[in-house]
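On a predicted model such as this, the values are computed, not experimentally measured, just so you know.
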Amino acid sequence: MDELNSITLEQLREVLGYQDGGDGNLMVLSADKTTTTGIFRYPCRLDAVVMVLCTEGKAKAMINLKEYEVEPNVLAVNLPENITQVVWLSDDFRGQIIVVSLEFLRSVHIDLKNAISLYMYIKDHPLCRLDEATMNLLTRFHRLIQDSVEENSAPWAGSMHQEVVNGLVGAYMYRCCELLNNIPLEDTRTVKSRREILFRQFIDLLNQHHNEERSVGFYADKMHITPKYMSSLMKEMTGRTAAEWIDEYVILEAKTLLKYSGLSIQEVAYRLNFSTQSFFGKYFRQHTGMSPGQYKMK
């Protein structure tokens, strides 16, 4: 792997041979070890939200280079910008999986980046342990959704059938979001504040440009605000300055490339737009307490 792999939902559907008669923005799966694919064998990004409900067995996954163990009665949520790797699955692993595009989320009036508290919580706490009653509820929900999706291609499925599926998935996800942070999603029919719009814009720009741009001024200019206002706004809203957000994305990318890409330190520095390997080394040590070489050999 010469660079971090980015996977589209369409590519994932093709690899799994998934067909549902829908519009391509949704996947509903029942998975075990034999039906999973090696597509997540190496760290990668998927441009969709993934919700995994573990019903049997265990799994180990790396999300943004942190290891998580998924056990029965655990719900795991993965965001599109996350770097994810499936490390291990037990032979008896069973899971219920829903994968949705950001376009689908917006169609059912969910926008995680506009619900800032919820977005921040899921980013820092991707796993949630469920009680038995909630587990049973979500399991029944998943089966109903899966049955409804499979009926999409039936000759008798009417024009409103996709709306039924959308409604069921929307209800499932609202319930999961409520569990993850126990806060209501904002009513998307209300006008978003300028602060919320700027936060979403910043995260979107950061996803696009963190490999090349580390200057707060670059992002502030793109957003037509001053660097000072941008940093104070992000600090007030998220507890982190704009510079801290940028550094987090860059260091995560650097760690992943050093560990998994096979690129030399100099090549990683070049890939992340550092002028010299020495400058990259100082930056990396400042934020991690070790040199790129030490991390690579860790």
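- Checked against the 6.0 Å centroid criterion, the rings of Phe279 and Phe274 qualify as a close aromatic pair.
- For the pair Asn136 (side chain) and Glu132 (backbone), a donor-acceptor distance under 3.5 Å is present.
- Shortest non-hydrogen contact noted between Thr226 and Ala220 is C-CB, 3.9 Å.
- You'll find the side chain of Leu46 reaches within 4.5 Å of the side chain of Val99, heavy atoms only.
- By the 4.5 Å heavy-atom criterion applied to side chains, Gln294 and Lys298 are not counted as neighbours.
- Side-chain atoms of Val49 and Phe104, non-hydrogen and from C-beta on, never get closer than 4.5 Å to each other.
- Contact of the Leu258 side chain with the Ile265 side chain is registered, since non-hydrogen atoms from C-beta on lie closer than 4.5 Å.
- With rounding to the nearest 0.5 Å, the separation of CD in Gln96 from OG1 in Thr55 is 5.5 Å.
- The distance from atom CZ of Arg175 to atom OG1 of Thr134, rounded to the nearest 0.5 Å, is 5.0 Å.
- Counting non-hydrogen atoms of other residues, nucleotides and ligands closer than 6.0 Å to CD of Glu103 gives a total of 12 or fewer.
- Enclosure of atom CD in Gln266 is not indicated, since only 12 or fewer non-hydrogen atoms of other residues, nucleotides or ligands lie within 6.0 angstrom.
- Between atom OG1 of residue Thr84 and atom CG of residue Leu79 there is a gap of 9.0 Å, rounded to the nearest 0.5 Å.
- Heavy-atom contacts from other residues, nucleotides or ligands closer than 6.0 Å to CD of Glu69 number more than 12.
- A chain of hydrophobic side-chain contacts below 4.5 Å, direct or via other Ile, Leu, Val, Met, Phe, Trp or Tyr residues, connects Ile122 to Phe199.
- The aromatic rings of Tyr119 and Trp245 lie parallel to each other, their planes meeting at an angle below 30°, with 60° marking the opposite boundary.
- Around the NZ atom of Lys60, the shell of radius 6.0 Å holds no more than 12 heavy atoms that belong to other residues, nucleotides or ligands.
- In terms of heavy atoms, Arg285 sits closest to Ser291 at NH2-CB, 3.3 Å.
- The closest side-chain heavy-atom distance from Tyr172 to Leu53 is below 4.5 Å.
- Here Thr241 contributes atom OG1 and Met230 contributes atom CE; the two are 9.5 Å apart, rounded to the nearest 0.5 Å.
- Residue Tyr68 forms a side chain to side chain contact (heavy atoms under 4.5 Å, CB included) with just one option from Val87, Ile63, Val74, and that option is Ile63.
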Quiz item: Yes or no on side chain to side chain contact (heavy atoms under 4.5 Å, CB included) for His210 and Tyr219, after CA distance, side-chain angles and deciding distance?
Solution: CA-CA 10 Å; His210 69 271; Tyr219 296 96; 4.2 Å; yes

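- In this structure the side chain of Gln146 reaches within 4.5 angstrom of the side chain of His142, judged on heavy atoms.
- No continuous path of ILVMFWY side-chain contacts below 4.5 Å connects Tyr270 to Phe280, so the two sit in separate hydrophobic clusters.
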Quiz item: What's the verdict on side chain to side chain contact (heavy atoms under 4.5 Å, CB included) for Leu16 and Met27, showing C-alpha distance, side-chain angles and the deciding distance?
Solution: CA-CA 10 Å; Leu16 295 178; Met27 294 178 66; 3.4 Å; yes

Practice problem: Mind running side chain to side chain contact (heavy atoms under 4.5 Å, CB included) on Asn211 and Asn273 for me, showing each step along the way? | Solution: CA-CA 7 Å; Asn211 282 358; Asn273 202 28; over 6 Å; no

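- Looking at Asn73, its side chain never comes within 3.5 Å of a backbone N or O of Asp131 through a donor-acceptor pair.
- With Ile83 as the fixed residue, the side chain to side chain contact (heavy atoms under 4.5 Å, CB included) test singles out one of Arg45, Met62, Lys255: Arg45.
- Leu252 and Tyr295 fall within the same hydrophobic cluster, where Ile, Leu, Val, Met, Phe, Trp and Tyr residues are linked whenever their side-chain heavy atoms come under 4.5 Å apart, directly or through other members.
- Between Tyr18 and Leu26, the shortest heavy-atom contact is CE2-O, 3.7 Å.
- Contact between Arg240 and Glu248 at its shortest, heavy atoms only, is NH1-OE1, 2.5 Å.
- Under the 4.5 Å side-chain heavy-atom criterion for grouping Ile, Leu, Val, Met, Phe, Trp and Tyr, Val70 is not connected to Leu138 through any hydrophobic cluster.
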Practice problem: Take Val216 and Met234 through the test side chain to side chain contact (heavy atoms under 4.5 Å, CB included) and record every step on the way to the result. | Solution: CA-CA 11 Å; Val216 173; Met234 295 306 150; over 6 Å; no

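- Under a cut-off of 6.0 angstrom, the local environment of NZ in Lys222 is sparse, with at most 12 non-hydrogen atoms contributed by other residues, nucleotides or ligands.
- In this structure, CD on Gln277 lies 12.5 Å from NZ on Lys282, to the nearest 0.5 angstrom.
- A donor-acceptor pair is defined here as one N or O able to donate and one able to accept, closer than 3.5 Å; no such pair exists between the side chain of His209 and the backbone of Leu205.
- With contacts defined as side-chain heavy-atom distances shorter than 4.5 Å, the pair Leu75/Cys176 qualifies.
- Checking side-chain atoms of Lys58 against main-chain N and O of Trp88 turns up no donor-acceptor pair under 3.5 Å.
- For the residue pair Phe202 and Ala242, the shortest heavy atom distance occurs at CZ-O, 3.8 Å.
- At a threshold of 4.5 Å between non-hydrogen side-chain atoms, the residues Asn25 and Val100 do not count as touching.
- Rounding to the nearest 0.5 angstrom, the gap separating the OH atom in Tyr229 from the CD atom in Glu236 is 8.0 Å.
- The hydrophobic clustering, which links ILVMFWY residues whose side-chain heavy atoms are closer than 4.5 Å, places Met51 and Leu127 apart.
- Considering every non-hydrogen atom in both Asp92 and Ser90, the closest pair reads OD1-OG, 2.6 Å.
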